[in-house]
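Beneath this line is the structure, given in C-alpha coordinates, with notes to follow.
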Amino acid sequence: MIALVDCNNFYASCERIFQPWLRKRPVLVLSSNDGCVIARSQEAKDLGIPMGAPIHTLTETVIKYEIYVCSSNFTLYADISKRVMSALGSFSPHIEVYSIDESFLNVDHHPQENLLAIGRQMRQSVLEWTDVPTGIGLGPTKTLAKIANRIAKKQKQHGGVFVINSAEEAREVLPSIAVEDVWGVGRQWSKKLKSVGIVSAYDLQQADDKLLRQKFNVVLLRTATELRGIPCLTMEEITPANKTIIASRSFGTQMTKEYDIEEAVASFATRAAEKLRKQGSLALYLSVFVRTNIFNKFQEQYSGGTTVALPIATAYTPALVEAARTGIHRIFRDGYSYKKAGIVLSGILPDTIHQQALFHKVNYQKEGGSMNAMDNVNAKYGKGTLRVGAIGTRKVWHPKLEKSSKNYTTRYEDILVVKA
DNA sequence: TCTGGGGTCCTAGGACCC
DNA sequence: TCTGGGGTCCTAGGACCC
(Lines give C-alpha, C1' and ligand atoms only; values in the text may rest on other atoms or scores of the structure.)
Protein backbone atom coordinates (compact mmCIF):
# COMPACT_ATOMS: atom_id res chain seq x y z
CA MET A 1 0.00 0.00 0.00
CA ILE A 2 1.11 3.49 -0.86
CA ALA A 3 0.26 6.75 0.88
CA LEU A 4 0.28 10.02 -1.00
CA VAL A 5 0.73 13.01 1.27
CA ASP A 6 0.02 16.35 -0.37
CA CYS A 7 0.24 19.69 1.42
CA ASN A 8 -2.85 21.86 1.19
CA ASN A 9 -2.29 25.12 -0.69
CA PHE A 10 1.37 24.69 0.13
CA TYR A 11 2.88 28.11 -0.62
CA ALA A 12 -0.07 29.92 0.93
CA SER A 13 0.18 27.67 4.00
CA CYS A 14 3.92 28.45 4.29
CA GLU A 15 3.19 32.17 4.20
CA ARG A 16 0.75 31.75 7.07
CA ILE A 17 3.09 29.95 9.44
CA PHE A 18 4.95 33.05 10.54
CA GLN A 19 2.19 35.52 9.70
CA PRO A 20 -0.74 34.03 11.61
CA TRP A 21 -2.89 37.11 10.97
CA LEU A 22 -3.27 35.78 7.42
CA ARG A 23 -5.08 32.73 8.68
CA LYS A 24 -8.64 33.74 7.80
CA ARG A 25 -7.74 36.02 4.92
CA PRO A 26 -7.62 34.94 1.30
CA VAL A 27 -3.96 34.68 0.25
CA LEU A 28 -2.42 34.64 -3.23
CA VAL A 29 1.20 33.83 -4.04
CA LEU A 30 2.60 35.10 -7.33
CA SER A 31 5.00 33.64 -9.84
CA SER A 32 8.40 35.12 -10.57
CA ASN A 33 8.21 38.72 -11.75
CA ASP A 34 4.95 39.00 -9.77
CA GLY A 35 3.08 37.85 -12.87
CA CYS A 36 0.57 35.04 -12.36
CA VAL A 37 -1.17 33.42 -9.43
CA ILE A 38 0.64 30.17 -8.60
CA ALA A 39 -0.90 29.41 -5.21
CA ARG A 40 -4.19 30.24 -3.52
CA SER A 41 -5.47 29.73 0.00
CA GLN A 42 -8.80 27.96 0.29
CA GLU A 43 -10.57 31.31 0.77
CA ALA A 44 -9.05 32.57 -2.49
CA LYS A 45 -10.11 29.40 -4.30
CA ASP A 46 -13.62 29.88 -2.94
CA LEU A 47 -13.66 33.35 -4.51
CA GLY A 48 -13.27 31.62 -7.86
CA ILE A 49 -9.76 32.89 -8.61
CA PRO A 50 -8.25 30.47 -11.12
CA MET A 51 -4.73 29.08 -11.03
CA GLY A 52 -2.42 30.94 -13.36
CA ALA A 53 -4.52 34.09 -13.59
CA PRO A 54 -2.43 37.18 -14.38
CA ILE A 55 -2.60 39.30 -11.25
CA HIS A 56 -3.23 42.49 -13.21
CA THR A 57 -6.65 41.11 -14.21
CA LEU A 58 -7.63 40.74 -10.55
CA THR A 59 -7.08 44.25 -9.23
CA GLU A 60 -10.72 44.84 -8.32
CA THR A 61 -11.22 41.47 -6.65
CA VAL A 62 -8.08 41.93 -4.59
CA ILE A 63 -9.32 45.25 -3.22
CA LYS A 64 -12.90 44.14 -2.72
CA TYR A 65 -12.06 41.04 -0.68
CA GLU A 66 -8.91 42.41 0.97
CA ILE A 67 -6.86 39.62 -0.50
CA TYR A 68 -3.28 39.37 0.71
CA VAL A 69 -1.02 39.14 -2.34
CA CYS A 70 2.66 38.27 -2.06
CA SER A 71 5.67 37.44 -4.20
CA SER A 72 6.96 33.88 -3.97
CA ASN A 73 9.67 33.00 -1.47
CA PHE A 74 11.13 29.68 -2.56
CA THR A 75 13.85 29.73 0.07
CA LEU A 76 11.16 29.57 2.73
CA TYR A 77 9.02 26.97 0.90
CA ALA A 78 12.00 24.68 0.31
CA ASP A 79 12.96 24.76 3.96
CA ILE A 80 9.40 24.09 5.17
CA SER A 81 9.17 21.27 2.63
CA LYS A 82 12.26 19.64 4.13
CA ARG A 83 10.64 19.73 7.54
CA VAL A 84 7.38 18.23 6.26
CA MET A 85 9.29 15.38 4.60
CA SER A 86 11.32 14.84 7.69
CA ALA A 87 8.15 14.51 9.79
CA LEU A 88 6.83 11.94 7.31
CA GLY A 89 10.09 10.03 7.38
CA SER A 90 9.25 8.69 10.82
CA PHE A 91 6.30 6.75 9.36
CA SER A 92 8.14 4.84 6.66
CA PRO A 93 11.70 4.11 5.64
CA HIS A 94 10.52 4.12 2.01
CA ILE A 95 9.66 7.62 0.95
CA GLU A 96 9.71 9.22 -2.48
CA VAL A 97 9.75 13.00 -2.40
CA TYR A 98 7.74 13.65 -5.54
CA SER A 99 7.62 17.42 -5.50
CA ILE A 100 8.08 20.32 -3.12
CA ASP A 101 4.71 19.58 -1.50
CA GLU A 102 4.09 15.89 -2.17
CA SER A 103 5.49 12.55 -1.09
CA PHE A 104 4.69 8.90 -1.70
CA LEU A 105 5.28 6.54 1.23
CA ASN A 106 5.30 2.79 1.15
CA VAL A 107 3.25 1.71 4.18
CA ASP A 108 3.30 -2.06 3.66
CA HIS A 109 4.84 -2.60 7.09
CA HIS A 110 1.70 -1.20 8.75
CA PRO A 111 -1.19 -3.66 9.24
CA GLN A 112 -3.89 -3.20 6.59
CA GLU A 113 -6.68 -2.60 9.14
CA ASN A 114 -4.76 0.27 10.77
CA LEU A 115 -4.15 2.31 7.66
CA LEU A 116 -6.77 4.93 8.35
CA ALA A 117 -5.37 5.48 11.85
CA ILE A 118 -1.81 5.66 10.50
CA GLY A 119 -2.90 8.24 7.94
CA ARG A 120 -4.48 10.33 10.66
CA GLN A 121 -1.32 10.14 12.75
CA MET A 122 0.77 11.28 9.80
CA ARG A 123 -1.50 14.21 9.23
CA GLN A 124 -1.39 15.16 12.88
CA SER A 125 2.40 14.91 13.08
CA VAL A 126 3.00 17.10 10.07
CA LEU A 127 0.56 19.64 11.43
CA GLU A 128 2.22 19.70 14.82
CA TRP A 129 5.77 19.81 13.49
CA THR A 130 5.27 22.36 10.75
CA ASP A 131 1.79 23.91 10.97
CA VAL A 132 1.13 22.78 7.38
CA PRO A 133 -2.22 21.03 6.75
CA THR A 134 -2.13 18.02 4.42
CA GLY A 135 -4.42 15.63 2.61
CA ILE A 136 -3.54 11.95 2.72
CA GLY A 137 -4.70 9.26 0.32
CA LEU A 138 -3.85 5.57 0.58
CA GLY A 139 -4.21 2.95 -2.12
CA PRO A 140 -2.64 -0.12 -3.69
CA THR A 141 -1.06 1.91 -6.53
CA LYS A 142 0.24 5.43 -6.89
CA THR A 143 -2.63 6.40 -9.18
CA LEU A 144 -5.23 5.08 -6.73
CA ALA A 145 -3.44 6.82 -3.85
CA LYS A 146 -3.75 10.02 -5.86
CA ILE A 147 -7.48 9.43 -6.27
CA ALA A 148 -7.85 8.69 -2.56
CA ASN A 149 -5.96 11.90 -1.84
CA ARG A 150 -8.38 13.85 -3.98
CA ILE A 151 -11.33 12.41 -2.09
CA ALA A 152 -9.63 13.15 1.23
CA LYS A 153 -9.29 16.79 0.25
CA LYS A 154 -12.66 17.31 -1.44
CA GLN A 155 -14.98 15.51 0.95
CA LYS A 156 -14.58 17.23 4.30
CA GLN A 157 -16.29 14.45 6.29
CA HIS A 158 -13.17 12.27 5.93
CA GLY A 159 -11.02 14.67 7.93
CA GLY A 160 -8.28 14.81 5.34
CA VAL A 161 -7.55 11.06 5.14
CA PHE A 162 -9.07 8.48 2.81
CA VAL A 163 -8.20 4.86 2.09
CA ILE A 164 -8.90 2.79 -1.01
CA ASN A 165 -8.01 -0.72 0.15
CA SER A 166 -8.39 -2.65 -3.06
CA ALA A 167 -9.40 -2.56 -6.70
CA GLU A 168 -12.89 -3.64 -5.59
CA GLU A 169 -13.19 -0.64 -3.30
CA ALA A 170 -11.88 1.52 -6.12
CA ARG A 171 -14.78 0.41 -8.28
CA GLU A 172 -17.18 2.07 -5.84
CA VAL A 173 -15.55 5.50 -5.86
CA LEU A 174 -14.20 5.76 -9.41
CA PRO A 175 -17.55 6.49 -11.11
CA SER A 176 -17.72 9.80 -9.22
CA ILE A 177 -14.25 10.89 -10.43
CA ALA A 178 -14.11 12.72 -13.76
CA VAL A 179 -11.54 11.29 -16.15
CA GLU A 180 -9.66 14.60 -16.36
CA ASP A 181 -9.06 14.41 -12.61
CA VAL A 182 -7.07 11.20 -12.94
CA TRP A 183 -3.32 11.64 -12.48
CA GLY A 184 -1.73 11.43 -15.93
CA VAL A 185 -4.81 12.54 -17.87
CA GLY A 186 -4.41 16.11 -19.05
CA ARG A 187 -6.53 18.43 -21.14
CA GLN A 188 -5.79 16.96 -24.56
CA TRP A 189 -6.36 13.37 -23.61
CA SER A 190 -9.49 13.97 -21.56
CA LYS A 191 -10.99 15.64 -24.62
CA LYS A 192 -10.07 12.68 -26.78
CA LEU A 193 -11.18 10.15 -24.16
CA LYS A 194 -14.58 11.79 -23.90
CA SER A 195 -14.96 11.59 -27.65
CA VAL A 196 -14.78 7.79 -27.39
CA GLY A 197 -17.18 7.70 -24.43
CA ILE A 198 -14.67 7.48 -21.59
CA VAL A 199 -15.93 10.09 -19.16
CA SER A 200 -15.15 8.90 -15.64
CA ALA A 201 -12.19 7.26 -13.92
CA TYR A 202 -14.35 4.13 -13.82
CA ASP A 203 -14.75 4.19 -17.61
CA LEU A 204 -10.98 4.41 -17.95
CA GLN A 205 -10.48 1.54 -15.51
CA GLN A 206 -12.86 -0.60 -17.58
CA ALA A 207 -11.58 0.55 -20.99
CA ASP A 208 -10.27 -1.88 -23.58
CA ASP A 209 -6.47 -2.22 -23.57
CA LYS A 210 -6.27 -2.40 -27.33
CA LEU A 211 -8.22 0.80 -27.76
CA LEU A 212 -6.00 2.63 -25.25
CA ARG A 213 -2.85 1.36 -26.91
CA GLN A 214 -3.98 2.15 -30.43
CA LYS A 215 -5.77 5.45 -30.01
CA PHE A 216 -3.62 6.74 -27.18
CA ASN A 217 -0.29 5.43 -25.91
CA VAL A 218 1.39 3.12 -23.47
CA VAL A 219 1.50 5.80 -20.78
CA LEU A 220 -2.27 6.02 -20.64
CA LEU A 221 -2.55 2.24 -20.70
CA ARG A 222 -0.38 2.16 -17.61
CA THR A 223 -2.65 4.69 -15.92
CA ALA A 224 -5.70 2.52 -16.64
CA THR A 225 -3.85 -0.55 -15.33
CA GLU A 226 -2.97 1.31 -12.13
CA LEU A 227 -6.66 2.13 -11.66
CA ARG A 228 -7.25 -1.64 -11.67
CA GLY A 229 -4.94 -1.96 -8.68
CA ILE A 230 -1.97 -3.32 -10.63
CA PRO A 231 1.14 -1.22 -9.98
CA CYS A 232 2.98 0.04 -13.07
CA LEU A 233 4.75 2.92 -11.38
CA THR A 234 7.36 2.03 -8.80
CA MET A 235 8.59 3.99 -5.83
CA GLU A 236 11.65 6.04 -6.70
CA GLU A 237 13.29 6.62 -3.39
CA ILE A 238 16.59 7.81 -4.84
CA THR A 239 16.15 10.94 -6.91
CA PRO A 240 17.88 10.39 -10.25
CA ALA A 241 20.13 13.18 -11.53
CA ASN A 242 18.36 15.63 -13.83
CA LYS A 243 18.99 15.12 -17.54
CA THR A 244 18.55 18.79 -18.32
CA ILE A 245 19.00 21.81 -16.10
CA ILE A 246 17.21 25.03 -16.96
CA ALA A 247 17.72 28.52 -15.61
CA SER A 248 15.53 31.20 -17.13
CA ARG A 249 13.67 34.33 -16.11
CA SER A 250 11.40 37.01 -17.43
CA PHE A 251 13.02 40.40 -16.94
CA GLY A 252 11.64 43.04 -14.63
CA THR A 253 11.73 45.51 -17.51
CA GLN A 254 12.18 45.14 -21.24
CA MET A 255 15.82 45.27 -22.24
CA THR A 256 17.50 46.40 -25.43
CA LYS A 257 21.21 46.31 -24.65
CA GLU A 258 23.30 43.26 -25.35
CA TYR A 259 25.51 43.79 -22.32
CA ASP A 260 22.48 43.77 -20.01
CA ILE A 261 21.34 40.45 -21.40
CA GLU A 262 24.88 39.13 -21.10
CA GLU A 263 24.75 39.86 -17.39
CA ALA A 264 21.44 38.05 -17.11
CA VAL A 265 22.65 34.88 -18.84
CA ALA A 266 25.91 34.97 -16.88
CA SER A 267 23.75 34.84 -13.80
CA PHE A 268 21.63 31.97 -15.21
CA ALA A 269 24.77 30.02 -16.12
CA THR A 270 26.04 30.51 -12.59
CA ARG A 271 22.83 29.17 -11.07
CA ALA A 272 22.70 26.23 -13.46
CA ALA A 273 26.35 25.42 -12.70
CA GLU A 274 25.54 25.35 -9.00
CA LYS A 275 22.69 22.91 -9.59
CA LEU A 276 24.96 20.84 -11.80
CA ARG A 277 27.65 20.53 -9.13
CA LYS A 278 25.09 19.84 -6.46
CA GLN A 279 23.91 16.72 -8.26
CA GLY A 280 27.48 15.67 -9.07
CA SER A 281 27.29 16.16 -12.82
CA LEU A 282 29.06 17.77 -15.76
CA ALA A 283 27.43 19.21 -18.89
CA LEU A 284 28.49 18.91 -22.53
CA TYR A 285 26.12 21.46 -24.05
CA LEU A 286 24.78 24.83 -23.10
CA SER A 287 21.83 26.28 -25.01
CA VAL A 288 20.84 29.92 -24.78
CA PHE A 289 17.56 31.53 -25.78
CA VAL A 290 16.12 35.04 -25.80
CA ARG A 291 12.75 36.38 -26.74
CA THR A 292 10.74 39.57 -26.91
CA ASN A 293 7.46 40.05 -25.03
CA ILE A 294 5.08 37.58 -26.69
CA PHE A 295 2.04 39.29 -25.17
CA ASN A 296 2.75 42.65 -26.75
CA LYS A 297 0.89 42.68 -30.05
CA PHE A 298 2.29 46.03 -31.11
CA GLN A 299 5.92 45.04 -30.84
CA GLU A 300 8.02 43.34 -33.46
CA GLN A 301 8.65 39.82 -32.20
CA TYR A 302 11.88 37.90 -32.19
CA SER A 303 12.97 34.72 -30.51
CA GLY A 304 16.34 33.13 -30.95
CA GLY A 305 18.23 30.19 -29.57
CA THR A 306 21.49 28.40 -30.10
CA THR A 307 23.45 25.53 -28.60
CA VAL A 308 27.09 25.88 -27.69
CA ALA A 309 29.10 22.66 -27.51
CA LEU A 310 31.59 22.84 -24.68
CA PRO A 311 35.14 21.66 -25.44
CA ILE A 312 34.87 19.17 -22.58
CA ALA A 313 32.16 18.22 -20.11
CA THR A 314 32.34 20.71 -17.28
CA ALA A 315 30.67 22.16 -14.21
CA TYR A 316 33.14 25.03 -14.00
CA THR A 317 31.18 28.27 -13.68
CA PRO A 318 33.56 30.49 -15.71
CA ALA A 319 33.50 28.00 -18.61
CA LEU A 320 29.69 27.89 -18.61
CA VAL A 321 29.41 31.67 -18.30
CA GLU A 322 31.74 32.06 -21.25
CA ALA A 323 29.66 29.63 -23.31
CA ALA A 324 26.47 31.53 -22.42
CA ARG A 325 28.00 34.80 -23.60
CA THR A 326 29.21 33.16 -26.80
CA GLY A 327 25.63 32.03 -27.39
CA ILE A 328 24.21 35.49 -26.77
CA HIS A 329 26.62 37.03 -29.26
CA ARG A 330 25.31 34.61 -31.85
CA ILE A 331 21.61 35.27 -31.37
CA PHE A 332 21.34 38.86 -30.17
CA ARG A 333 19.73 41.19 -32.72
CA ASP A 334 19.74 44.93 -32.34
CA GLY A 335 16.48 46.84 -32.36
CA TYR A 336 14.31 44.50 -30.30
CA SER A 337 12.97 44.82 -26.78
CA TYR A 338 13.78 41.62 -24.90
CA LYS A 339 11.60 40.25 -22.12
CA LYS A 340 12.96 36.83 -21.33
CA ALA A 341 16.13 34.78 -21.62
CA GLY A 342 17.42 31.49 -20.33
CA ILE A 343 19.95 28.75 -20.61
CA VAL A 344 19.60 24.97 -20.74
CA LEU A 345 22.35 22.54 -19.81
CA SER A 346 22.25 19.12 -21.47
CA GLY A 347 24.52 16.22 -22.23
CA ILE A 348 24.69 15.63 -18.49
CA LEU A 349 27.32 13.15 -17.28
CA PRO A 350 28.46 12.03 -13.84
CA ASP A 351 31.45 14.05 -12.62
CA THR A 352 33.40 10.87 -11.99
CA ILE A 353 34.17 10.72 -15.71
CA HIS A 354 36.86 13.11 -16.93
CA GLN A 355 37.36 12.59 -20.62
CA GLN A 356 40.04 14.96 -21.91
CA ALA A 357 39.88 16.76 -25.22
CA LEU A 358 42.75 16.49 -27.68
CA PHE A 359 43.58 20.20 -27.85
CA HIS A 360 41.95 21.52 -24.73
CA LYS A 361 43.93 20.87 -21.59
CA VAL A 362 42.17 21.32 -18.31
CA ASN A 363 43.37 21.19 -14.78
CA TYR A 364 40.40 19.48 -13.16
CA GLN A 365 41.87 19.67 -9.72
CA LYS A 366 42.35 23.38 -9.86
CA GLU A 367 38.91 24.04 -11.33
CA GLY A 368 37.20 21.64 -8.94
CA GLY A 369 39.02 23.16 -5.99
CA SER A 370 38.03 26.70 -6.83
CA MET A 371 34.38 25.72 -7.37
CA ASN A 372 34.40 23.88 -4.09
CA ALA A 373 35.75 26.93 -2.34
CA MET A 374 33.20 29.17 -4.01
CA ASP A 375 30.28 26.89 -3.10
CA ASN A 376 31.46 26.70 0.50
CA VAL A 377 31.82 30.44 0.84
CA ASN A 378 28.39 31.00 -0.67
CA ALA A 379 26.82 28.37 1.58
CA LYS A 380 28.28 30.05 4.63
CA TYR A 381 27.90 33.74 3.79
CA GLY A 382 24.93 33.72 1.42
CA LYS A 383 24.22 33.24 -2.27
CA GLY A 384 26.38 35.30 -4.60
CA THR A 385 28.90 36.35 -1.97
CA LEU A 386 31.56 35.06 -4.35
CA ARG A 387 30.68 35.27 -8.04
CA VAL A 388 32.06 35.90 -11.50
CA GLY A 389 32.34 39.53 -12.54
CA ALA A 390 30.29 38.98 -15.69
CA ILE A 391 27.12 39.00 -13.58
CA GLY A 392 27.69 42.66 -12.79
CA THR A 393 26.21 44.58 -9.90
CA ARG A 394 23.41 46.66 -11.41
CA LYS A 395 20.71 43.98 -11.46
CA VAL A 396 18.91 45.78 -14.29
CA TRP A 397 17.32 42.57 -15.53
CA HIS A 398 16.12 41.32 -12.16
CA PRO A 399 12.48 40.25 -11.99
CA LYS A 400 10.00 42.23 -9.98
CA LEU A 401 9.68 41.08 -6.39
CA GLU A 402 7.51 43.55 -4.60
CA LYS A 403 6.33 41.78 -1.54
CA SER A 404 8.28 38.77 -0.42
CA SER A 405 8.08 37.38 3.10
CA LYS A 406 11.16 37.02 5.25
CA ASN A 407 13.31 33.87 5.33
CA TYR A 408 12.08 33.08 8.81
CA THR A 409 13.80 29.72 9.04
CA THR A 410 17.05 30.16 7.13
CA ARG A 411 18.36 33.70 7.47
CA TYR A 412 19.89 34.80 10.74
CA GLU A 413 18.43 38.32 10.83
CA ASP A 414 14.96 36.98 9.99
CA ILE A 415 15.14 34.26 12.61
CA LEU A 416 15.75 37.00 15.17
CA VAL A 417 12.51 38.62 14.03
CA VAL A 418 10.62 35.40 14.74
CA LYS A 419 12.21 35.03 18.16
CA ALA A 420 11.35 38.61 19.05
C1' DT B 1 1.63 48.66 -18.28
C1' DC B 2 1.15 44.17 -16.06
C1' DT B 3 1.02 37.37 -18.36
C1' DG B 4 6.29 31.71 -14.30
C1' DG B 5 9.77 28.24 -14.12
C1' DG B 6 11.48 23.58 -14.37
C1' DG B 7 11.13 19.02 -15.50
C1' DT B 8 9.92 13.85 -17.75
C1' DC B 9 8.58 10.34 -21.16
C1' DC B 10 6.91 8.59 -25.70
C1' DT B 11 6.47 8.51 -30.73
C1' DA B 12 7.32 9.10 -35.52
C1' DG B 13 10.34 9.90 -39.05
C1' DG B 14 14.81 10.39 -41.10
C1' DA B 15 19.51 9.00 -41.54
C1' DC B 16 22.50 5.62 -41.09
C1' DC B 17 24.57 0.65 -40.48
C1' DC B 18 25.20 -4.46 -41.97
C1' DT C 1 9.45 -4.75 -64.50
C1' DC C 2 11.39 -6.78 -60.60
C1' DT C 3 13.95 -4.07 -55.37
C1' DG C 4 14.97 -7.58 -47.87
C1' DG C 5 15.26 -7.81 -43.22
C1' DG C 6 16.83 -6.18 -39.02
C1' DG C 7 18.78 -2.90 -36.41
C1' DT C 8 20.52 1.95 -33.88
C1' DC C 9 20.71 6.80 -33.05
C1' DC C 10 19.01 11.39 -33.21
C1' DT C 11 15.57 15.03 -33.27
C1' DA C 12 11.27 17.46 -33.08
C1' DG C 13 6.94 17.61 -31.39
C1' DG C 14 3.39 16.40 -28.30
C1' DA C 15 1.68 14.77 -24.16
C1' DC C 16 2.07 14.99 -19.18
C1' DC C 17 3.57 16.56 -14.17
C1' DC C 18 4.45 20.05 -10.16
Side-chain angles (χ1 to χ4, degrees), chain A residues 4-7 9-11 28-39 49-60 62 69 71-74 77-78 81 96-104 142-143 146 149 179-193 212-223 226 232-234 236 239-254 264 268 271-272 274-276 279 284-285 287 289 291-299 305 307 337 339-348 398-402:
Chain A
L4 172 67
V5 183
D6 189 320
C7 300
N9 320 317
F10 184 56
Y11 299 162
L28 294 179
V29 181
L30 302 181
S31 62
S32 165
N33 223 14
D34 291 345
C36 299
V37 173
I38 56 165
I49 297 170
M51 187 72 164
I55 190 65
H56 68 88
T57 62
L58 296 172
T59 320
E60 277 173 38
V62 167
V69 180
S71 309
S72 42
N73 178 353
F74 281 99
Y77 311 152
S81 172
E96 173 186 340
V97 177
Y98 178 68
S99 75
I100 195 164
D101 74 331
E102 263 177 73
S103 262
F104 289 104
K142 282 183 167 180
T143 306
K146 274 270 188 185
N149 183 279
V179 75
E180 64 263 31
D181 293 330
V182 175
W183 187 45
V185 180
R187 264 226 306 276
Q188 302 304 318
W189 280 357
S190 66
K191 225 195 292 172
K192 198 169 164 187
L193 282 165
L212 294 177
R213 191 68 187 86
Q214 279 167 6
K215 291 213 162 188
F216 300 87
N217 68 7
V218 69
V219 183
L220 192 67
L221 177 57
R222 285 203 280 259
T223 296
E226 284 243 323
C232 299
L233 306 170
T234 53
E236 294 193 12
T239 315
N242 287 342
K243 295 173 179 175
T244 56
I245 290 172
I246 301 176
S248 76
R249 283 286 177 279
S250 296
F251 304 138
T253 57
Q254 309 221 34
F268 302 154
R271 276 202 23 223
E274 285 165 358
K275 287 194 218 171
L276 197 59
Q279 68 168 31
L284 273 170
Y285 304 101
S287 308
F289 66 88
R291 72 165 189 231
T292 50
N293 185 355
I294 53 170
F295 296 106
N296 191 329
K297 291 183 190 69
F298 307 106
Q299 239 175 25
T307 299
S337 233
K339 184 61 178 171
K340 183 174 178 166
I343 69 129
V344 182
L345 300 180
S346 58
I348 309 279
H398 274 216
K400 257 185 278 176
L401 194 77
E402 278 182 353

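Keep in mind that the numbers below use all heavy atoms, side chains included, and drop hydrogens, waters and symmetry copies. Given the structure is predicted, the values throughout are model-derived calculations rather than measurements. Chain identifiers are assigned alphabetically (A, B, ...) following the order of the sequence lines, protein sequences preceding nucleic acid strands; residue numbering begins at 1 within each chain.
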query: Touch check for K192(A), heavy atoms < 4.0 angstrom, all strands: base, sugar-phosphate only, or nothing?
result: nothing

field: Range on DNA chain C touched by chain A - first to last nucleotide, heavy-atom distance under 4.0 Å
entry: dA15(C) to dC18(C)

query: dC18(C) and dT3(B): how far apart are their P atoms, nearest whole angstrom?
result: 25 Å

message: Tell me every residue that passes salt bridge (charged side-chain N to carboxylate O under 4.0 Å, His left out) with D6(A), counting only those two or more places apart in sequence or in another chain.
response: K153(A)

task: Only counting residues at least two apart or in another chain, list the ones meeting ring-ring contact (aromatic ring centres under 6.0 Å, His included) with F10(A).
output: none

statement: Distance col, row L28(A):CG vs I55(A):CD1, nearest 0.5 angstrom, shows 5.5 Å

- request: Tell me what K191(A) touches on the nucleic acid: a base, only sugar-phosphate, or nothing, going by heavy atoms under 4.0 Å.
  value: nothing

Per-pair distances, 0.1 Å, donor-acceptor, side chain in residues 214-223 of chain A, under 3.5 Å, sequence neighbours excluded:
{"unit_1": "N217(A)", "atom_1": "OD1", "unit_2": "V219(A)", "atom_2": "N", "d": "3.0"}
{"unit_1": "N217(A)", "atom_1": "OD1", "unit_2": "L220(A)", "atom_2": "N", "d": "3.2"}
{"unit_1": "T223(A)", "atom_1": "OG1", "unit_2": "V219(A)", "atom_2": "O", "d": "3.3"}

- request: Using the closest heavy atom to pick a nucleotide of DNA chain B for each, name whichever of T244(A) or I55(A) lands nearer the 5' end.
  value: I55(A)

Dot-bracket pairing map - DNA chain C, Watson-Crick plus G-U, both contacts under 3.5 Å, | cross-strand: ....||||||||||||||

message: Categorize Q254(A) for me: base, sugar-phosphate, or nothing, with a 4.0 angstrom heavy-atom threshold over every strand shown.
response: sugar-phosphate

- request: Describe the nucleic acid contact of D101(A) in one word from base, sugar-phosphate, nothing, applying a heavy-atom distance below 4.0 Å.
  value: sugar-phosphate

- request: Fit a plane to each ring of W183(A) and F104(A), take the angle between them on a 0 to 90° scale, and name the class: parallel (under 30°), tilted (30 to 60°) or perpendicular (over 60°).
  value: tilted

query: Just checking A53(A): base, sugar-phosphate only, or nothing, at a heavy-atom cut-off of under 4.0 Å?
result: nothing

statement: Those residues at least two apart in sequence (or on a different chain) that pass side chain to side chain donor-acceptor pair (under 3.5 Å) with T244(A) are none

message: Can you work out whether I245(A) or K400(A) has the more 5'-proximal nearest nucleotide on DNA chain B?
response: K400(A)

message: Just to be sure I understand the rule, does R213(A) reach a base, reach only the sugar-phosphate, or reach nothing, if contact means heavy atoms closer than 4.0 Å?
response: sugar-phosphate

- prompt: How would you list, by chain and number, every residue that makes a side chain to side chain donor-acceptor pair (under 3.5 Å) with N149(A), sequence neighbours excluded?
  reply: none

- prompt: For F268(A), what residues pass the ring-ring contact (aromatic ring centres under 6.0 Å, His included) criterion, not counting sequence neighbours?
  reply: W397(A)

- prompt: Can you name the residues that form a side chain to side chain donor-acceptor pair (under 3.5 Å) with E96(A), not counting sequence neighbours?
  reply: K142(A)

